[in-house]
Chemist: 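I have a structure I would like to understand better, so I am pasting it below and will then ask my questions one at a time.
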Amino acid sequence: MLINVISWIEERLPVQSIKTFFIKKNVPRHRHSIWYYFGGMTLLFFVVQIVTGILLTFYYTPTPEKAHESVMYIVNEVPYGWLIRSLHAWSANLMIGAMFIHMFSAFLMVAYRKPRELLWVSGALLMFVVLGFGFTGYLLPWDTMAYFATLIGTEVPATMPVIGDWGVSLLKGSEEVGAETLTRMYSIHTVVLPLVSLLLVSFHLGLNQLYGASVPVGTETPRKPIPFFPNFLYRDLLSWTLGLGILIALATILPSGLGEKADPLASAPLGIKPEWYFLPLYQSLRMAPAEVFSLSGDFIVNLLVAIGCSVWLAIPFLDRKASAGRKSLPFMVLGIVLILYLITTILLAYVLP
Amino acid sequence: MLCLALIAASLSMPNQAATAQEEEKRDTTALDSTTAAATPAIVEAPAKIIDPELSERGLILFVVLVMLAGFGLLVGLKKREADQRAGLD
Amino acid sequence: MRKENKQGRITRRGLLTGLLTGWATVSAIPVVSVLLRFLTPTASSAPAVESIELPDYGDIVKDSAKVVRFGKQPAIVIHTPAGQYKAFMARCTHLGCVVKYEGGEEVPRLHCNCHGSIFDLNGKNISGPAPRPLDPLRVNIKGESLVISTATRA
């Protein structure tokens, strides 16, 4: 019976050739192999986000009147609601962390060189999508922190000339952060970004299967490569087991809290900070002088960030040496300086009052 | 067996936070049965979230870690066996 | 995959595969049970409504009806052409649409717009797909209000 079903499927789906493909696919082994696990780790937390996110939408209500209450209902009344919510919040942070490690390791290993330019571009786009997830999801509990962080966040484009005000109104959906903003954020968070990210993730993973993992420039690979199936998959499974262990420990030991319901008329409380992954932007805006050559400091920071993001996306096309299979010093320096800048600004934002 | 016992325990464990919550709700409903019944439960939630019981959190963490440890151990053995077969050093 | 070698002995590989599959399956049980518990709606802890008071029942003119909230469900209060007050749970016993009072020229009746079931003013199903009469409610006048209560309570 089972044999019949399997052979029926095999006649209609190219199962065998897919299996052969994965058996033939190899993962190189060298002293930097450890970094290969962080892409899979990001994927694991992404899947956790999809599952827990769908579960949360069953109870969450995206209106200013009900949002905070519905989150409270999830946490207080729904069986294991607090667990699902904590998993979603912690997995978001772990996903972003794993993604940054994956991205910077790919950068430093010059994995974006030919023929993997599009892998880099899709990955960089996914970084923006993931940060968008973080920003839009942060408002949804509608507590004081979420409200003011979104208020500030949606004002960021205001300093851009011409399109600034339009950009702010596009994000807010009205003049104030209110019901329209909440439904916008909810729609982006649960419909737009999931669809976009599914497309990008499929593309990213498809290309990765096609080209396999990149061997860093100048790295010797004297050892026999690891067959992807089943040998590397077992290694991935082990790393996922570890990742899930860390996730469940964080979610149960430090379950997510919830502040007071947002009051648009209350004055902003002390110490509003965005999530850690937005701290470099936050700290840069704080450190910027009010005016430089009669241009506002905020404008300059935003301009630099916009230029930086464009350069980051276009890295494979700017680094000419990479396509020739050589490491280029300026780009290595750029990467390391960027990592140091991000870490320093995050630490500064925590340390400074 | 251990796992099954833990599942049973986790399923039968009363949610103490929710029980306290229900009692509070009954107090308010006793005053005005028509309005309380007409309003959906969500509106009656208290102003603060109740932290889940430490015992519940501990139990969940313990069960999941046992599951993961067993899974990790078996995958590790499978990996070693597969590596030997593939001739990986 | 063969779990036994040619001598009929269980191989290490087969044993490990079996153990791993078994462990994964058993581990899935608590995960699925948590998911099901999360998704199952919690029973409302509010006690079921047994009676409501309508102070403004005078607004219901003769030969008309009003649908009111009875707990979480709709109830229909009828002021019959003969001057009586009657009340029923307003959900059609077929598929749960709210029934509508039809009076005036015709014989007064309750009609369900969804699939055309018709009930008389005693709640009895007289035509259409409705399988049983409407659930009746008890009506009493207490002071200024009309008290509607579940029929089972004295």
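Throughout, a chain's letter reflects where its sequence line sits, starting with A, and its residues are numbered from 1.
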Chemist: Between D83(B) and N231(A), is there a donor-acceptor pair closer than 3.5 Å when you use the side chain of the first and the backbone of the second?
Modeler: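 The answer is no, because no donor-acceptor pair under 3.5 Å joins these two groups.
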Chemist: Would you list the atom pairs, donor with acceptor, under 3.5 Å between side chains in residues 262-270 of chain A and any protein atom, with sequence neighbours excluded?
Modeler:
residue	atom	partner	partner atom	Å
D263(A)	OD1	L265(A)	N	3.1

Chemist: When rounded to the nearest 0.5 angstrom, what distance separates CG in L68(B) from OG1 in T241(A)?
Modeler: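 Between atom CG of L68(B) and atom OG1 of T241(A) there are 6.0 Å.
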Chemist: Nearest heavy-atom pair of Y234(A) and V75(B): which atoms, and what distance?
Modeler: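 Between these two residues, the closest heavy atoms are O-CG1, 3.5 Å.
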Chemist: Tell me, for I253(A) versus chain B, whether the close heavy atoms (under 4.5 Å) come from the side chain, the backbone, both or neither.
Modeler: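 Contact with chain B involves both backbone and side-chain atoms of I253(A).
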Chemist: Heavy atoms, side chains only, cut-off 4.5 Å: are L237(A) and K78(B) in contact?
Modeler: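 No, every pair of side-chain atoms sits at 4.5 Å or beyond.
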Chemist: Would a 4.5 Å heavy-atom cut-off, applied to side chains only, mark L88(B) and P227(A) as touching?
Modeler: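 A side-chain contact under 4.5 Å exists here.
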Chemist: Is S239(A) in contact with chain B via its backbone, its side chain, both, or neither, using a 4.5 Å heavy-atom distance?
Modeler: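 The answer is neither part of S239(A).
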Chemist: Can you find a heavy atom in the side chain of L61(B) that is under 4.5 Å from one in the side chain of I248(A)?
Modeler: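 Touching, per the 4.5 Å side-chain cut-off.
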Chemist: Name every donor-acceptor pair, under 3.5 Å, that has one atom in a side chain of residues 37-45 of chain A and the other anywhere in the protein, sequence neighbours excluded.
Modeler:
residue	atom	partner	partner atom	Å
T42(A)	OG1	F38(A)	O	2.6
T42(A)	OG1	M99(A)	N	3.4

Chemist: Look at atom NZ of K273(A) and say whether more than 12 heavy atoms of other residues, nucleotides or ligands are closer to it than 6.0 Å.
Modeler: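 Buried by this count: over 12 neighbours within 6.0 Å.
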Chemist: Can you establish whether the number of heavy atoms outside R80(B) located under 6.0 Å from its atom CZ is more than 12?
Modeler: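 Not buried by this count: 12 neighbours or fewer within 6.0 Å.
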Chemist: Work out which heavy atom in R57(B) is nearest to a heavy atom in P255(A); give both atom names and the distance.
Modeler: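 Closest approach of R57(B) to P255(A): NH2-CD, 3.7 Å.
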Chemist: Any idea which of L83(A), L244(A), L238(A) has the most non-hydrogen atom pairs under 4.5 angstrom with chain B?
Modeler: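 Max contact count across the listed options: L238(A).
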Chemist: Could you grab the distance from atom CD of E53(B) to atom CH2 of W82(A), nearest 0.5 Å is fine?
Modeler: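 One gets 10.5 Å once the value is rounded to the nearest 0.5 Å.
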Chemist: For the CH2 atom on W35(A), are there more than 12 heavy atoms of other groups (residues, nucleotides or ligands in this structure) within a distance under 6.0 Å?
Modeler: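 Open: at most 12 neighbouring heavy atoms sit under 6.0 Å from CH2 of W35(A).
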